[in-house]
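Notes follow once the structure below has been shown.
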Amino acid sequence: MALLAEHLLKPLPADKQIETGPFLEAVSHLPPFFDCLGSPVFTPIKADISGNITKIKAVYDTNPAKFRTLQNILEVFLQSICDGERDENHPNLIRVNATKAYEMALKKYHGWIVQKIFQAALYAAPYKSDFLKALSKGQNVTEEECLEKTRLFLVNFTATIDVIYEMYTKMNAELNYKV
């Protein structure tokens, strides 16, 4: 869990206003998370997220007072693992968690081809134990210790993403196109 714990999002202030600069700095460390999944099939997803962060940062840099954004697939995926959701027939696979995150956060933005690519990528997903080991960056921690650190990461991450979605709603900025 050291990978995510090294760059925690700051706690939200009482007014729930997100400081964009520190937010972008923290999320810029999320793409290496996909390396923990252990397969090059996730490279396009990592590249897409990296590209989105780069684009957002480029826009933000033109007018820091005006621009903010992000998605929540990581939150849903990690929360699903922490909640113990799993395929009872294959409890060490994380396909159930990845599918839930994708369906809740991104599927509505993707056309048929991208959806099929995601379904194919699921077969390259690592075992839960291998994923947690990669997430721990080689530290000798138990599965429960890693999950506890993941829960700690999710506290501020979830609060931050909730404020972003609230902002999207208020600004009527929800995307309505598919890729």
Side-chain angles (χ1 to χ4, degrees), residues 1-12 18 22-54 56-57 69-107 109-110 114-162 164-165:
M1 190 54 218
L3 177 67
L4 296 176
E6 288 174 0
H7 304 283
L8 296 174
L9 288 162
K10 292 182 176 185
L12 287 171
I18 299 167
F23 172 77
L24 285 171
E25 170 60 26
V27 299
S28 70
H29 297 280
L30 292 177
F33 161 82
F34 288 92
D35 296 335
C36 295
L37 296 173
S39 173
V41 76
F42 295 101
T43 301
I45 298 167
K46 178 182 174 183
D48 181 49
I49 290 171
S50 295
N52 289 340
I53 292 169
T54 300
I56 293 165
K57 183 164 178 17
T69 190
L70 195 60
Q71 294 289 348
N72 77 337
I73 190 169
L74 178 62
E75 175 193 359
V76 176
F77 175 69
L78 292 174
Q79 189 64 57
S80 176
I81 289 174
C82 287
D83 290 346
E85 294 178 27
R86 64 181 184 200
D87 178 344
E88 293 301 325
N89 294 325
H90 306 283
N92 199 27
L93 295 179
I94 61 173
R95 281 187 219 140
V96 168
N97 313 102
T99 299
K100 179 179 181 178
Y102 177 75
E103 288 178 354
M104 289 181 71
L106 296 175
K107 186 176 181 179
Y109 302 111
H110 293 159
V114 175
Q115 289 177 19
K116 295 301 177 191
I117 290 170
F118 175 80
Q119 288 174 348
L122 283 176
Y123 289 98
Y127 289 110
K128 178 181 173 183
S129 56
D130 293 336
F131 170 70
L132 294 176
K133 185 176 183 180
L135 204 54
S136 297
K137 290 177 71 175
Q139 295 176 357
N140 190 19
V141 297
T142 66
E143 180 177 310
E144 190 51 44
E145 289 171 322
C146 184
L147 290 174
E148 187 54 40
K149 288 182 180 183
T150 302
R151 288 181 191 100
L152 175 67
F153 167 79
L154 286 170
V155 170
N156 292 336
F157 187 82
T158 301
T160 302
I161 296 300
D162 287 348
I164 290 170
Y165 275 110

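Remember, it's a predicted structure, so these values are computed and weren't measured experimentally.
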Quiz prompt | Distance in Å, L152 CG paired with C82 SG, rounded so as to fall on 0.5 Å steps | solution = 10.5 Å
Practice problem: Could I get the full list of side-chain contact (heavy atoms from CB on, under 4.5 Å) partners for T43, not counting sequence neighbours? | Solution: P40
Quiz item: With side chains defined as the heavy atoms from C-beta onward, is the minimum distance between T158 and I161 less than 4.5 Å?
Solution: no
Self-check item: Side-chain donor/acceptor of T99 to backbone N/O of V96, under 3.5 Å
Solution: no
Quiz item: Between T150 and I81, is any pair of side-chain heavy atoms under 4.5 Å apart?
Solution: no
Quiz item: Does the pair F157 and L30 meet the rule for a side-chain contact (heavy atoms from CB on, under 4.5 Å), with working shown?
Solution: CA-CA 11 Å; F157 187 82; L30 292 177; 4.1 Å; yes
Quiz item: Distance-only, no hydrogens or angles: does the T142 side chain make a donor-acceptor pair with backbone N or O of E145 under 3.5 Å?
Solution: yes
Self-check item: Partners meeting ring pair (Phe, Tyr, Trp, His ring centres under 6.0 Å) with F131 (sequence neighbours left out)
Solution: F33, F77
Quiz item: Looking at CD1 of I94 and CG of L132, how far apart are the two atoms once the value is rounded to the nearest 0.5 Å?
Solution: 8.0 Å
Quiz item: Can you pull the salt bridge (Lys or Arg N to Asp or Glu O under 4.0 Å) pairs that have at least one residue in residues 85-98, sequence neighbours excluded?
Solution: E85-K100, R86-E88
Quiz item: Taking C-beta and beyond as the side chain, do Y102 and H110 meet within less than 4.5 Å on heavy atoms?
Solution: yes
Practice problem: Report the residues that fulfil salt bridge (charged side-chain N to carboxylate O under 4.0 Å, His left out) with D83, sequence neighbours left out, ordered by chain and then residue number. | Solution: none
Side-chain donor/acceptor pairs under 3.5 Å, residues 119-130, sequence neighbours excluded:
{"unit_1": "Q119", "atom_1": "OE1", "unit_2": "K116", "atom_2": "NZ", "d": "3.4"}
{"unit_1": "K128", "atom_1": "NZ", "unit_2": "E143", "atom_2": "OE2", "d": "3.4"}
{"unit_1": "S129", "atom_1": "OG", "unit_2": "N92", "atom_2": "ND2", "d": "3.1"}

Quiz prompt | Sequence neighbours excluded - salt bridge (Lys or Arg N to Asp or Glu O under 4.0 Å) pairs with any residue from residues 28-40 | solution = D35-K46
Quiz item: When rounded to the nearest 0.5 angstrom, what is the spacing between CD in Q139 and SG in C146?
Solution: 9.0 Å
Quiz item: How far does CZ of F42 sit from SG of C36, to the nearest 0.5 angstrom?
Solution: 11.5 Å
